[in-house]
Amino acid sequence: MSRTGDAPETGPEALARYDILDTAPEDAFEDIVTLASRLLEMPVSLVSLVDTDRQWFKARVGFARPETALTESICAHAVRQDGLFVIPDTTRDSRTAENPLVTGEPHVRFYAGMPLRTPEGTALGTLCVLDTRPRELSEAQGFILRTLAGQVMTELNLRRALKERRASDRHNAAIIGSAIDYGIVTLDLAGRVTSWNPGAECVLGWSEAEILGQPADFFFTPEDRTRGIPDHEMRVARDLGRANDERWHIRKDGSRFWGMGEMMPLMDEADRQVGYLKILRDRTAQRQADEALRKQTALLQTVTDHLSEAVFRLNEDDVVIFANPAAEAMLGWPRGSLIGCNLHDTAHHHHPDGRPFPREDCEVVRSLRSGVALRDREATFFRQDGSPIDVITSNAPIVEDGVVQGAVLTLTDITERKTANARLRRSEERLSLALNASGMIGTWDWDLRDDVVYADPNFARIYTVDPERAALGAPLADYIRNFHPDDLPRFQEELDRLFAGAKEFACEYRILQPDGSHRWVIARGSLVRAADGTPLRFPGASVDITERKRAEERQAALVELGERLRELQDPGEIAFVAAEIAGRTLGLTRAAYGVLDDSGVYLDIIRDWTVPGASSLVGRHRYADYGSYLSELRQGRDVVIADVETDPRTADRFEAFRALDVRTVINLPLMERGQLVAVFCLHDSKRRDWTPDILDFVRNVVDRTRAAVARLRAEEQQELVNRELSHRMKNLLAMVQSIATQTMRSAIDVDTAKEVLAGRLIALGQAHDLLMGGALGSTLIGPVVRGALKLHEDRAGRFRLDGPDLEIGAKPALSLALMLHELATNAAKYGALSDEDGHVAIRWEVRDEAGEPTLAFSWAEIGGPPVTRPTRKGFGSRFIERGLAGQVGGTIALDFPADGVTCAIAAPLAAFQADG
């Protein structure tokens, strides 16, 4: 996406980009002014560049001074013209009659100047000629002056292009160099290696110096080379645009690894193939894990067949036509005696309290009749002797030709459910640790020859260095001075180990911040050496892990909460323990759990936790006495109030809060079937800014509290989770392949492709992490949006989100995250995020349109530079408009009003929540 509505660039600003002022004389420019003087028969010829308060002459003939003040400049008038500017007699022109160069030496009487304009239309100065007598300029002479001025701009633009290309090359090299998990190799048309990134050295073992110019088939196995696999892969990539590579490969040391990769043709500007790009990753561990999973699944099936899970096959009338031995043993019936019995009448015909259970109220029977699956419901069944048994039941209808013919019913004992839950809880903790390891990533490239570090804005922000200075290269000392003194020895020790021959640098340390605080980072990188082993560069990446460190205390609190809740049976006691841990961990004044009365107007608090000396809120409270936010809670929206005295929802009721010594409030609703039933309340006596990580912790406490009294899943759910994980991995690989293919086809060169592909893969990985943190099949829209934008949130308030948390399906979530990544990237380059005061407003809500719930999602950039509609659509714009639409249908409208880019999405809520 391009933008043409930026504020016009000034001449001095443009000159800074050309880096030409005060440079030494150059033959190319000297020849031009000499030629102009001779061809036009003028005593004076100048290449004049107009700065803020002076005009400086890059080349001059017949003029002694290297520069003049801007007040003496005739060229300052010429640069305001669109074309050739001529003054036949300067003494008769009001603009020049009093000019010191006219009234005094060298007594200029004639002036002709042609503005030097950049490709963007900004005037840098002029190519001008002067004489000491009045003259006229012929048409032929005017043509010569314009032509020579064009040659001056050609030389200037060449200097600018070379400067910008060098900066781009350094940046792209840092990105490719830091991708140490991926081997990125380019080949010529004959299959010989033309480039080899550090990741390829890590994966395959050979250095770039060893491998350049060699045929790429050397890392294929002998048997694959005999079969002609390398040539076949190049042929498929050339003919089909992509070739997948998933097979055993050879490392330098002779060992084998299972590699997964892809090859694509490289095209030049004329769309002619000039070589190939191959991306390869070591997936040996994943293959071994898949094999272990297959064996584990087989073992689990064997255990399931012979142990406690009960399996029934029912016909359409709820009559048992099959029951495995575990089912008969669970319900206490002799072998074969359940066949032909109506299961509802036989084992599921009473409430736990003995009251009759009508057939039409039985969930199993309703599920059988409707053909809708029943998943993980807790129910009470009865043994033949009449004793009750609590089970988890799942009912999968059998549908043939659109007609329900029966169902398969499974029952799992509560004891087995608890065992499955323990395994699931351990899995959740491992996932939580993995997610907590993510953070803000900054890349650097340390040029060891000049001792200068080139870094991206994220890295500069972490190390408190000016981003522009970091991009152009700052001395290492600018970064080291911000290290925590206690951590410098450990950093130096790791650095010494790297230069002594270690393959990789890895170190965790603290960076001091201007406000006296510190941030934690993990830095990883590797050396790039010359052919003789001399270290040349040290590229790498730093991950900001401050939030993870700060979250460790909250993580410990969640572990404590889980352990304590595991032993509790009373809901009230569970709520109190959750309130106690949340309040104590966050340093609050009070935490409470309240239930709404039948009228929905009052909140009944049975028990609360407070710090010593704080008053209790036990009792009944009317929400209207404390503000106007009850409607938000009923909509399922969190109410977060930093200051009750200034928030419009509570400002007119702040006296009620003051009486309770409350200044800041969080209310989190607990919903059942769309209705507000309870509220988790957090209070503090001082004003607080509720950061997203604190809100996530509180939501986690609420979720775990809800989970403690909710019904747990059956043992077979673990197998379903494993199958779903495999399905998600295949979908993810397919999406990565699709993104890589589209990026390569649309990119104008390989460097652009690498940069764009890296950004999109990062956004895809963050979106997939959110799904992994959920139930694999769906996730909440709020974390998806926040995760997709995190890389671009350079300060608080950049993104202002408003909308209820709704569950959406896995594929729509991935597509939405990638779309938001594209929008945010463009906003950072050209839109609101490129301006210090700009921000983006993001809203979503559910509307009723034609009787169907519709999710409306909007993106609006505010406070950025003026914008005009681009003249063409790039791949990013097409990706935004088509990517999500392919998943959910509906409409996606991308627009470019002058005050900021907007994007509006409207699609059926059911499509967003589907998981195809």
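The six-membered or imidazole ring of Y629 lies near that of Y623, with a centre-to-centre distance under 6.0 Å.
Summarising the geometry, atom OG1 belonging to T705 is positioned 14.5 Å from atom CZ belonging to R699; distances are rounded to the nearest 0.5 Å. Taking CD from E861 and CG from L823, the interatomic distance works out to 7.5 Å, rounded to the nearest 0.5 Å. Here the straight-line distance linking atom NE2 of H839 with atom CZ of R800 works out to 4.0 Å at 0.5 Å rounding. In this structure, CD1 on I808 lies 8.0 Å from CG on L855, to the nearest 0.5 angstrom.
Side chains of I545 and V521 form no contact here, defined as non-hydrogen atoms less than 4.5 Å apart. Residues D643 and T664 have side chains not in contact (no heavy-atom distance under 4.5 Å, counting atoms from C-beta outward). Within the 4.5 Å cutoff, the side chain of D544 has no heavy atoms near those of the I441 side chain. Between I781 and W844, the closest side-chain pair of non-hydrogen atoms falls below 4.5 Å. Taking 4.5 Å as the limit, every side-chain heavy atom of Q675 sits out of range of all side-chain heavy atoms of L596. Between P865 and S834 the shortest side-chain heavy-atom distance falls below 4.5 Å. The closest side-chain heavy-atom distance from F857 to L820 is below 4.5 Å. Side-chain contact check for V702 versus L670: some heavy-atom pair is nearer than 4.5 Å.
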For this session: Under the salt bridge (Lys or Arg N to Asp or Glu O under 4.0 Å) rule, what do R637 and D805 come out as? Steps first, then yes or no, please.
Result: CA-CA 7 Å; R637 299 171 62 181; D805 260 343; over 6 Å; no
For this session: Show the numbers, then the answer: is there a salt bridge (Lys or Arg N to Asp or Glu O under 4.0 Å) between E632 and R634?
Result: CA-CA 5 Å; E632 297 180 46; R634 287 175 173 163; over 6 Å; no
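The two atoms that bring G442 and N458 nearest to each other are CA-CB, 3.8 Å, heavy atoms only.
Judged by distance alone, the side chains of T902 and D895 never bring a donor and an acceptor atom under 3.5 Å apart.
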